[in-house]
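The figures that follow rest on heavy atoms only: side chains count, while hydrogens, waters and symmetry mates do not. Since this is a predicted model, take the numbers as computed values, not measurements.
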Amino acid sequence: MSLPPVKIPDMPRPRAASWRVRAALAALCIFAGVTIWVTNSLLTDRFTQNTRNRAELRLALYSGNLLSELRRNAIVPQLLAKDPALIGALNSDDYSQSTARLISFVDEIGAASLLLLDESGRTVAATDRTRLGVNHRSSEFFVNALRSNATLFSATQDDAGANRFTYSRRLDSQGQAIGVIVVEVDLHKFERAWAGISDAVYVTDSQGTILLASEPRWRGRTEAEALARQPAQGAIERAIQATADWTQVPADAYLQGEAVMRKDVRIPFRGWRMTSFTTYASVREKVNAVLALEIMGFAILLALAFYVLSRKSAVRMALFQRESADLRALNQRLQREIAERERMQQSLEVAEHSLAQSSKLAALGEMSAAVSHELNQPLAAMKTYLAGARLLLRRNRPEEALSSFQRIDDLIERMGAITKQLKSYARKGGDDFAPVNMVEALNSALSMMEPQLRQREVRISPILPDEPVRVMGDRVRIEQVMINLLRNALDATEGVDDPEIDIILAAGETATLTVRDNGPGIENLDDLFEPFFTTKQPGEGVGLGLAISSGIVNDLGGRLTARNGHGRGAVFEVQLPILSEDMEAAE
């Protein structure tokens with residue numbers, strides 16, 4: 001029954017906001033945008049300059065400490081080269097007290113270690129006793145020291161890739177070289193100190209090779225090679241990052257895709273230079289903090305403006321209450337329509353009861369068809385076993401006949417379990433679930449399909465795991481799904497040369513059962529799981545097997561899918577939630 005349209009009485013429209021209010025709001029938005037842009041530009045320049053000044057000051061401090069350490073150790077070889085005790089030990093080949101004497105010096109000097117080499121380059125005394133007897137005949141610091149009468153500095157790289165810095169000087173006695181004193185300088189303590197800061201720092205020699213670095217992988221490389229090991233982001237990612245900032249700060253270099261400023265300083269020692277890379281992260285954080293305050297202030301102003309406008313709208317809305325008389329008339333008309341709708345609702349309830357009864361009859365018919373479909377398989381197997389038992393009894397082989405009767409008894413129990421499901425359809429799913437071993441269920445399904453498999457020459461290739469694969473469910477219904485899939489695969493391979501069925505059971509996040517055949521495949525995958533859809537000839541099937549199987553798998557919390565294989569044939573895959581040991585213990 002169609003109801004007449006309800007006519008709403010005309011209401012007076014609220015007047016549009018005056019152009020002065022709109023202009024004021026637009027001016028406020030423009031002023032806010034200009035203020036934020038100017039603030040961002042000025043503060044970015046200011047904080048960037050402050051960051052650059054701090055980086056320069058920090059670099060000067062680092063270089064000064066490094067130069068102080070080098071100069072402090074440079075005088076040590078000259079003093080030790082004149083030590084009479086060390087010269088006497090080299091002349092007499094008596095080094096029993098030499099190591100102890102070097103150890104007494106090392107704490108006062110602050111060097112990493114001290115070595116005393118004889119004229120052949122053999123270590124005869126050392127603060128590290130494990131290095132006694134080591135020959136340094138071919139070492140740079142030994143060879144150069146013998147050729148010169150001055151204190152020489154050497155930087156060599158050991159097997160671990162770390163640089164070793166040494167001062168060496170020749171010891172003379174009566175105008176002849178009798179040995180070399182070596183002072184090792186611990187410059188790696190600066191690297192350990194740099195590791196605790198956010199800047200990247202390195203020191204290069206006169207050739208541009210990195211000697212010390214806060215990043216160990218940079219040692220022994222040039223700056224270009226070091227930066228190549230830390231590639232910047234791609235062009236698209238860098239463009240996105242640049243547009244995310246209010247003002248793009250020009251970067252001196254990129255480290256790990258982040259823009260950095262580069263500062264370097266000359267160290268007055270053998271042409272060394274120290275370089276640092278400082279990120280702009282602190283600059284953006286400080287600028288964004290100020291911009292956030294400004295944006296919040298302008299947002300409060302806009303909120304107040306909209307509040308004032310909303311108050312004006314509320315005043316206008318109060319005028320609408322004067323139309324109460326028309327609204328009361330409209331209310332009465334609506335009440336009449338509601339009464340009419342209630343009468344229609346009662347008529348609809350009667351129709352719904354009739355429809356529900358029809359649905360129950362349809363469900364009962366579909367359930368009967370499904371049960372008859374599932375009972376056909378045990379009945380066919382029982383018929384085969386009875387024929388075999390009759391033949392065995394005729395041949396006087398009662399023991400084998402008894403095994404056939406036992407299988408018939410198992411099939412009768414299975415038929416009882418299937419018919420028992422009729423009583424459980426009205427109950428909530430999952431009440432009778434128990435742990436099920438998928439391997440045992442599959443073996444039981446194959447045993448039940450044995451009569452059909454014997455009638456055909458089909459190669460079954462099962463691939464099963466060594467460990468049990470457990471799921472939570474109803475074993476009878478799981479076996480019912482397996483039998484339906486095996487029977488469909490068996491029917492699909494009919495008329496195929498060398499028929500083959502692969503059965504794969506795998507356990508991962510889910511228990512997955514895959515049944516693959518080499519039949520012609522599936523033409524219509526969309527309607528495959530619809531009830532009464534079948535590709536078989538009339539009388540060979542009613543099209544309920546896959547629909548029932550899909551419903552069972554869904555009730556168990558899993559999923560049944562189908563697809564065509566890469567070459568030919570169909571692939572059915574059952575995925576069920578796997579039952580872990582913790583879940584099984586909880587059950």
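- Checked against salt bridge (charged side-chain N to carboxylate O under 4.0 Å, His left out), Arg273 has the following partners two or more places apart in sequence or in another chain: Asp264.
- In plain terms, the two heavy atoms of Ile87 and Ala81 that are nearest each other are CD1-O, 3.6 Å.
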Steps toward side chain to side chain contact (heavy atoms under 4.5 Å, CB included) verdict (Leu102, Leu86): CA-CA 9 Å; Leu102 293 180; Leu86 299 179; 4.2 Å; yes
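- Closest of all the heavy-atom pairs between Phe433 and Asp474 is CD2-N, 4.1 Å.
- Not counting sequence neighbours, Phe142 has no partner by the ring pair (Phe, Tyr, Trp, His ring centres under 6.0 Å) test.
- Rounding to the nearest 0.5 angstrom, the gap separating the CG atom in Leu57 from the NZ atom in Lys263 is 12.0 Å.
- Atoms CG and CZ, from Leu80 and Arg169 in turn, are 11.0 Å apart once rounded to the nearest 0.5 Å.
- Side-chain contact between Val203 and Leu187 is absent, with no heavy atoms from C-beta onward closer than 4.5 Å.
- Counting non-hydrogen atoms of neighbouring residues, nucleotides and ligands closer than 6.0 angstrom, the CZ atom of Arg131 exceeds 12 such neighbours.
- Looking only at side-chain heavy atoms (C-beta outward), Val76 and Ile181 stay at 4.5 Å or farther from each other.
- Atom CD1 of residue Ile295 and atom CD1 of residue Ile36 lie 4.5 Å apart, to the nearest 0.5 angstrom.
- Residue pairs that meet the side chain to side chain donor-acceptor pair (under 3.5 Å) test with at least one member in residues 504-516, sequence neighbours left out, are Thr510-Thr512.
- The shortest distance between side-chain heavy atoms of Trp194 and Tyr202 does not fall below 4.5 Å.
- Smallest separation of non-hydrogen atoms from Gly473 and Val436: O-CG2, 3.5 Å.
- For the side chain to side chain donor-acceptor pair (under 3.5 Å) condition, the pairs that include at least one residue of residues 64-76, sequence neighbours left out, are Glu69-Arg72, Glu69-Asn73, Glu69-Lys189.
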Audit row: Thr275, Ile210, side chain to side chain contact (heavy atoms under 4.5 Å, CB included) steps and yes/no: CA-CA 10 Å; Thr275 305; Ile210 296 177; over 6 Å; no
Side chain to side chain contact (heavy atoms under 4.5 Å, CB included) evaluation trace for Arg129 with Ile103: CA-CA 10 Å; Arg129 298 180 184 274; Ile103 293 175; 3.8 Å; yes
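- With sequence neighbours excluded, the residues forming a side-chain hydrogen bond (donor to acceptor under 3.5 Å, both in side chains) with Arg192 are Asp186, listed by chain and number.
- Taking the six-membered ring where the residue is Trp, Phe298 and Phe31 present perpendicular rings, their angle passing 60° and hence far from 30°.
- Residues Cys29 and Leu302 form a side-chain contact, since some pair of their non-hydrogen atoms from C-beta on lies under 4.5 Å apart.
- To the nearest 0.5 Å, atoms OG1 (Thr166) and CG (Leu115) are separated by 9.0 Å.
- Under the 4.5 Å side-chain criterion, counting only non-hydrogen atoms from C-beta, Ser168 is not in contact with Asn144.
- Here the side chain of Ser92 pairs a donor or acceptor atom with the backbone of Gly88 at under 3.5 angstrom.
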Side chain to side chain contact (heavy atoms under 4.5 Å, CB included) assessment of Tyr95 paired with Leu132: CA-CA 11 Å; Tyr95 308 106; Leu132 291 174; over 6 Å; no
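- Residues meeting the ring pair (Phe, Tyr, Trp, His ring centres under 6.0 Å) test with Phe105, sequence neighbours left out: none.
- Under the rule for a salt bridge (charged side-chain N to carboxylate O under 4.0 Å, His left out), Arg137 has no partner lying at least two apart in sequence or in another chain.
- Within the 4.5 Å cutoff, the side chain of Leu576 has no heavy atoms near those of the Leu513 side chain.
- Legend: residues meeting side-chain hydrogen bond (donor to acceptor under 3.5 Å, both in side chains) with Asn91, ordered by chain and number and at least two apart, are Ser173.
- Shortest non-hydrogen contact noted between Arg170 and Ala177 is CD-CB, 3.3 Å.
- In this structure Glu294 satisfies the salt bridge (charged side-chain N to carboxylate O under 4.0 Å, His left out) test with no other residue, sequence neighbours excluded.
- In this pair, Phe269 and Phe153 present their aromatic rings perpendicular. The plane angle is above 60°, beyond the 30 to 60° band.
- For CD of Glu119, the number of neighbouring non-hydrogen atoms (other residues, nucleotides, ligands) closer than 6.0 Å is 12 at most.
- The CG atom of Asp466 sits 9.5 Å away from the CG atom of Leu464 when rounded to the nearest 0.5 Å.
- Under 3.5 Å, the side chains of Ser113 and Glu184 contain a donor-acceptor pair of N or O atoms.
- Identified under the salt bridge (charged side-chain N to carboxylate O under 4.0 Å, His left out) test for residues 83-100, with sequence neighbours left out: Asp83-Arg101.
- Contact record, Thr151 with Tyr167: CG2-CD2, 3.9 Å, taken as the closest heavy-atom pair.
- Here the side chains of Glu191 and Ser214 are not in contact, with every heavy-atom distance at 4.5 Å or above.
- Here the side chain of Asp517 pairs no donor or acceptor atom with the backbone of Ile501 at under 3.5 angstrom.
- Closest approach of Ile578 and Arg470 over heavy atoms only: CG1-O, 3.6 Å.
- Residues His136 and Thr123 are in side-chain contact: their nearest non-hydrogen atoms beyond the backbone lie under 4.5 Å apart.
- Looking at residues two or more places apart in sequence or on another chain, you find a side-chain hydrogen bond (donor to acceptor under 3.5 Å, both in side chains) between Ser461 and Arg459.
- If you take CD on Glu479 and CD on Glu440, they are separated by 10.0 Å, rounding to the nearest 0.5 Å.
- Residues passing the side-chain hydrogen bond (donor to acceptor under 3.5 Å, both in side chains) test with Ser550, sequence neighbours excluded: none.
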